[in-house]
J.: 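Following this message is one structure expressed as structure tokens.
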Amino acid sequence: MNGLIAIKALAASACVVLLSSLLPHGSTLAQTAPAAIRSAAIAPIPGGCPRFAQGAHVVTPPALYSENGTLAVSFSYQQTVDDKGRTLYCFMAPDGMQNPTLHVLPGDKLTVVVTNNTPQGIKPMALDPPNCGAKFMNSTSVNLHYHGTNTAPVCGGDEVIKTIINSGETFTYTLDFPTDEPPGMYWYHPHVHGISEPVVMGGATGALIVDGIERFFPAVQGLPQQVLVLRDQRQLNNLKEGPGNCGVDVPFHDVTVNNVPVNSYTDKNNVFFVAAKMQVPPGQAQFWRVANISADSILDLSLVYDNVPQTLNLIAIDGVPINSQDGTGGTGQSIAVNHFRLPPASRVEFVANMPGVGVQKATLMTANINTGADGDCNPTRPLITLDVGANTEAKLASLPARPISETAGKRFAGLKQAPVVAQRNLYFSENANQTEFYMTVDGQVPHVFNPDQPPSITTTQGTVEQWSVENRSTENHVFHIHQIHFYVQGQNNFGKEPQAPGIVGQYLDTIEVPAWSGNAQDPYPSVSLLMDFRGEVVGDFVFHCHLLGHEDLGMMSIIRVLPASGKVAQASVSVAGEGVGHHKGH
Ligand SMILES: [Cu+2]
């Protein structure tokens with residue numbers, strides 16, 4: 001379980017941060033001036049963060065495409081309050097687009113200018129230098145993480161440990177996508193420790209797509225492209241949540257589909273849900289690109305037509321095309337599954353056939369997750385009701401061809417053959433009353449995250465490591481590491497829990513580790529992963545639980561990747577807008 005007590009946690013951790021500033025330790029962040037606040041402020045957009053009504057038809061999010069190697073975006077980060085008193089957050093572009101899908105190509109430059117137009121925050125906490133942006137964080141600070149991208153963790157790039165943009169401040173991100181970035185679906189979201197959960201639930205998130213996936217799967221070119229972003233939010237009706245393995249019961253959070261809420265209700269005997277709607281041409285093959293960008297909701301998706309789960313032909317997981325990294329230069333081979341487990345922050349892309357005219361009932365479902373004795377209720381519930389109509393209301397755009405080079409998209413090629421230079425065991429655990437959550441390297445003392453702490457792992461660029469990530473608590477956790485992907489070797493000691501289909505042998509950035517039974521004779525469930533530090537990434541970045549309530553309560557840690565050449569890490573650091581030290585891929 002976890003509560004929406006992030007602000008409390010922020011306040012409680014303040015003294016920890018200040019005390020820790022007395023401890024000597026290094027950092028690879030910029031020692032020079034923090035990323036410049038040089039761009040003009042982006043004005044707030046009136047009527048920002050709009051939401052659809054319950055039961056509405058799903059509309060594809062607005063999209064922006066790079067041209068000539070560049071995509072430049074301006075964001076007003078702002079908030080509003082809905083009629084149920086929930087605070088909504090969003091990134092609004094000056095033309096009124098909310099959380100647009102950002103399309104780039106491998107090798108492109110993405111520039112994001114963001115102004116924090118939320119109210120002045122409370123509970124300021126100083127951060128140790130080197131800083132990036134503001135020198136203190138508070139309850140309305142923001143920054144941006146470009147989840148899954150293999151970009152650099154530098155100030156003005158994909159750095160989240162020290163990057164702080166406070167109310168009234170403007171910050172410029174300049175991200176250089178490696179030329180070997182796999183084409184697929186990624187996403188962006190704020191990543192200020194202690195307040196990630198409320199702003200992600202509030203909706204300040206969007207999809208980021210590296211185009212060119214048709215190079216690995218020519219069959220998807222020209223297919224109708226269905227971009228679905230699944231978020232969660234505080235329940236409409238504040239019902240009492242069901243237990244950790246709840247079947248059909250009241251969820252921890254309601255889910256939304258492209259900002260159409262799927263609300264939970266109860267009557268005398270039942271829990272029921274009002275799904276979003278989608279009209280589809282009968283029998284049409286569609287390319288679905290689905291991101292679970294919720295804060296805490298684990299999903300298990302299936303397309304069910306008249307009680308029969310349909311075949312989903314997996315094209316990509318976490319932005320990496322299926323079977324695309326084997327180095328043969330051939331095209332990927334899809335994997336057929338009939339459901340797919342999608343923990344928060346994960347993405348899945350698949351081709352599926354829409355229901356034929358004879359189908360009575362067609363639904364995108366999520367199935368109950370057994371999250372363990374202390375876990376959240378993630379019930380079986382419908383997300384989208386598909387209506388077969390010859391005349392679809394809004395015709396889906398087809399996947400456009402965006403050619404990428406023969407070498408693009410092979411960032412992780414050869415990983416499973418590479419020599420392993422280190423083996424590490426990590427584990428998730430919690431304190432007894434679940435107020436502190438830990439992400440620990442075995443042998444070290446469990447502690448909650450604070451942004452001024454030294455790294456718990458130091459490794460060297462160019463290496464491959466084998467990590468086992470265990471769950472020693474009685475609820476599920478979701479492992480994510482920034483900047484790189486890992487090769488999934490195995491899912492171990494899951495007991496009666498089914499293994500997630502389709503992921504062993506693939507390259508993920510986010511993976512679920514189910515709850516431990518709590519019985520001393522049972523081994524801890526774990527996943528075994530090959531960690532790929534062979535790329536351009538050096539510096540400090542984080543690994544953590546992507547159930548954001550857990551991350552906000554401490555379940556995060558820092559890794560430092562030293563440059564292979566032995567030159568000092570600072571050499572790789574750059575300041576936004578100066579174009580120094582940005583690394584291109586191979
Ligand atoms: Cu967790």
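Order of appearance sets the numbers: ligands from 1, and atoms from 1 within every ligand. Positions are given from 1, in the same order as the sequence printed here.
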J.: Closer than 2.8 Å to the Cu ion (ligand 1): how many protein N, O or S atoms are there?
T.: 3
J.: Of all residues at least two apart in sequence or in a different chain, which pass the ring-ring contact (aromatic ring centres under 6.0 Å, His included) check with Phe273?
T.: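 ring-ring contact (aromatic ring centres under 6.0 Å, His included) check on Phe273 returns nothing, list empty.
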J.: When Asn138 is tested against each of Asn166, Ile122, Ile164 for side-chain contact (heavy atoms from CB on, under 4.5 Å), which residue passes?
T.: Asn166
J.: Please identify each residue that fulfils disulfide bond (SG atoms under 2.5 Å apart) with Cys90, with sequence neighbours left out.
T.: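 Per chain and number, Cys90 pairs via disulfide bond (SG atoms under 2.5 Å apart) with Cys49.
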J.: Do the side-chain N and O atoms of His191 and His544 include a donor-acceptor pair separated by under 3.5 angstrom?
T.: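 The criterion, which ignores hydrogens and geometry beyond distance, is satisfied for His544 and His191.
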J.: Checking Arg51 now: which residues fulfil salt bridge (Lys or Arg N to Asp or Glu O under 4.0 Å) with it, not counting sequence neighbours?
T.: none
J.: Test your reading of the model: is there a side-chain donor-acceptor pair from Asn258 to the backbone of Val58, 3.5 Å cut-off?
T.: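 Not at all, since once roles are kept as given, no pair shorter than 3.5 Å links the two residues.
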